[in-house]
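What follows is a set of notes on a single structure, which appears directly below.
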Number of protein chains: 2
Amino acid sequence: MAKGTDDTIAVRISKVLADRIISGAIEPGARLRQDHVAEEFNTSHVPVREAFRRLEAQGLAVSEPRRGVRVAAFDLGEVKEVAEMRAALEVLALRHAAPHLTSAILDQAEEATKAGDKSRDVRSWEEANRAFHRLILAPCGMPRLLATIDDLHAASARFLFAAWRSEWETRTDQDHRAILAALRQGNAESAAATLGRHVQWIGRKPIRTASGATREAFAIVG
Amino acid sequence: MAKGTDDTIAVRISKVLADRIISGAIEPGARLRQDHVAEEFNTSHVPVREAFRRLEAQGLAVSEPRRGVRVAAFDLGEVKEVAEMRAALEVLALRHAAPHLTSAILDQAEEATKAGDKSRDVRSWEEANRAFHRLILAPCGMPRLLATIDDLHAASARFLFAAWRSEWETRTDQDHRAILAALRQGNAESAAATLGRHVQWIGRKPIRTASGATREAFAIVG
DNA sequence: AATGCAGAAATTATCTATAATTTTGGATCG
DNA sequence: CGATCCAAAATTATAGATAATTTCTGCATT
């Protein structure tokens with residue numbers, strides 16, 4: 001992964017901050033103070049502000065004019081919303097990608113699935129899962145659609161990490177295998193239908209809050 | 001239309017530029033020079049750069065690091081892509097909005113349809129059409145989905161204005177009426193199906209290029 | 001005539017400084 | 001004791017200036 005030495009400073013900052021927000025290192029609702037960030041990266045606040053605009057566009061931060069920018073909050077409603085948007089858009093992408101899928105690509109996707117099944121922590125499972133989806137969708141050749149899906153995946157990952165902060169139980173992903181089987185048989189519609197259901201699978205999990213009470217956490221697990 | 005006096009300057013600039021790009025006042029591929037824009041708006045270039053980031057996020061501009069930003073180009077492929085994304089997402093939004101639609105809203109939507117049918121120029125037709133879609137979709141209560149659909153509408157409008165720069169023939173929108181009728185009968189699925197087909201209706205039109213040759217122009221007409 | 005190089009001009013990216021706004025802490029008053 | 005208001009501090013927004021990069025232009029060379 002090229003760390004983009006030719007990237008502008010603003011892009012580099014936005015990538016680092018995006019990673020922190022997604023991983024949960026910065027809490028939802030936390031303020032992002034431009035001077036603090038600027039100091040950390042040894043820059044002025046101007047590129048920091050541009051980085052904030054990028055995060056805003058991705059839906060990872062929200063800004064109120066003259067009141068600063070803070071990490072976007074999210075609730076069960078947004079988890080559902082993202083799941084449904086992903087279902088609609090990934091199905092569309094897969095329908096267009098299917099004719100261009102080679103067995104080489106499908107083999108790679110199978111490898112990604114196996115890697116996910118073997119993962120012993122959320123982070124590597126998420127990475128493998130994202131790789132699977134990207135592999136089978138990328139050949140659709142629709143850049144705008146893929147960019148939108150990427151942003152939704154970032155949001156999904158955030159929900160996931162918020163719920164399964166550390167514990168993770170390995171599980172074999174039957175959906176991924178069913179999708180691959182259907183694609184190998186040239187049955188794009190069946191694959192798309194499974195994918196549509198798959199990404200709407202919302203996992204539930206009780207987590208302990210800081211105050212000691214327990215509440216349910218939700219995340220897209222597909 | 002609140003011109004947002006409390007908006008930040010960057011937001012104001014981005015709105016004006018977005019309007020120019022959508023209307024075709026600035027050609028696709030044209031460079032956006034920050035100092036020139038800054039001079040025009042009597043500001044420094046810093047808010048201009050932030051405005052550029054916003055346009056980029058909306059897909060109206062593309063930027064290459066250290067080489068500046070230019071108005072995004074588009075081709076038939078992207079017109080189709082946007083049409084399909086709109087179909088997928090607007091159908092989703094309508095399914096969620098349907099239970100919350102009141103007859104008052106549907107009446108307003110019918111007014112918008114009539115206004116569109118009476119329009120004698122592209123600009124006012126587009127405005128009425130957008131109002132119709134927004135009215136029936138907004139009650140879905142999914143802010144992220146609505147924001148994405150808005151961006152797609154902006155892109156659609158751009159395609160439309162590029163093709164039908166001035167001439168426009170009035171026509172009665174049967175699809176809008178069919179959608180409203182289905183919604184009034186509580187048949188959300190039928191309305192959604194019609195909407196899905198409706199926004200994928202791509203108009204074709206021969207236009208004369210600067211060099212005198214004719215080529216086909218395409219636009220989403222729904 | 002085409003190609004390549006050098007210097008100039010233009011443009012972008014960043015930094016430092018200033019102005020404006022909001023938040024906060026504390027003192028005063030009801 | 002609590003609410004309100006004012007002043008100080010913190011933070012954001014913008015401006016003006018500087019450094020670095022790219023693009024342009026003209027001239028020399030093949």
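Lettering of chains follows the sequences in order, A, B, ..., and the numbering in each one begins at 1. Here the structure is a predicted model, which is why all the values come from computation and not from measurement. Computed over heavy atoms, backbone and side chain alike; hydrogens, waters and symmetry mates excluded.
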Taken to the nearest whole Å, CG/A:Leu32 to C1'/D:dA10 is 16 Å
For B:Val11, is there any backbone N or O sitting under 3.5 Å from a side-chain donor or acceptor partner on B:Thr8?
no
Side chains of A:Ser156 and A:Arg86: any donor to acceptor distance under 3.5 Å? yes
- Under 3.5 Å: donor-acceptor pair, side chain of B:Asn129, backbone of B:Gly222: yes
- Task: Kindly determine whether A:Ser124 and A:Asp121 satisfy side-chain hydrogen bond (donor to acceptor under 3.5 Å, both in side chains), including the steps that lead there.
- Result: CA-CA 6 Å; A:Ser124 52; A:Asp121 58 290; 2.8 Å; yes
Atom CG of B:Asp35 and atom P of C:dA9 are separated, to the nearest Å, by 17 Å
- OP1 or OP2 of C:dT14 less than 4.0 angstrom from a side-chain nitrogen or oxygen of A:Thr8, does that happen here? yes
Report task. Decide salt bridge (Lys or Arg N to Asp or Glu O under 4.0 Å) for B:Asp19 and B:Arg123; before the verdict, give the C-alpha distance in whole Å, the side-chain angles of both, and the deciding distance to 0.1 Å. Result -> CA-CA 12 Å; B:Asp19 192 67; B:Arg123 199 103 202 199; 2.9 Å; yes
From CD of B:Gln34 across to P of D:dT21 the rounded distance in Å is 16 Å
Expected list for residues 57-64 of chain B near DNA chain C, using heavy atoms below 4.0 Å, is none
Is there a ring-ring contact (aromatic ring centres under 6.0 Å, His included) between A:Phe218 and A:Phe159 once you walk through the steps? CA-CA 7 Å; A:Phe218 302 87; A:Phe159 305 152; over 10 Å; no
Would you say the side-chain atoms of A:Glu81 pair up with the backbone N or O of B:Arg144, donor to acceptor, closer than 3.5 Å? yes
In whole angstroms, the gap separating C1' of C:dA20 from CD1 of B:Ile9 amounts to 11 Å
Each nucleotide N or O in nucleotides 21-24 of chain C that has a protein N or O under 3.5 Å away: list the pair and distance.
from   : atom 1 : to      : atom 2 : distance (Å)
C:dT23 : OP1    : A:Arg67 : NE     : 2.7
C:dT23 : OP1    : A:Arg67 : NH2    : 2.1

When rounded to whole Å, the CD1 to P distance for the pair A:Ile13 and C:dC15 reads 9 Å
Per the under-4.0 Å heavy-atom filter, residues of residues 41-51 of chain A near DNA chain C come out as A:Asn42, A:Thr43, A:Ser44, A:His45, A:Val46, A:Pro47
Worksheet entry | B:Thr43 (side chain) donor-acceptor with B:Glu39 (main chain) under 3.5 angstrom | no
### Message
Quick one about A:Glu90 and A:His198 (side-chain donor to acceptor, distance below 3.5 Å, no hydrogens or angles considered), yes or no?
### Response
no
(Q) Check the orientation of A:His176 and A:Phe132. Use parallel for under 30°, tilted for 30 to 60°, and perpendicular for over 60°. (A) parallel
Q) If only atom types and distance count, is the side chain of A:Arg70 paired as donor or acceptor with the main-chain N or O of A:Gly29 below 3.5 Å? A) yes
From CZ of A:Arg53 across to C1' of D:dT14 the rounded distance in Å is 13 Å
When rounded to whole Å, the NE2 to C1' distance for the pair A:His36 and D:dA9 reads 12 Å
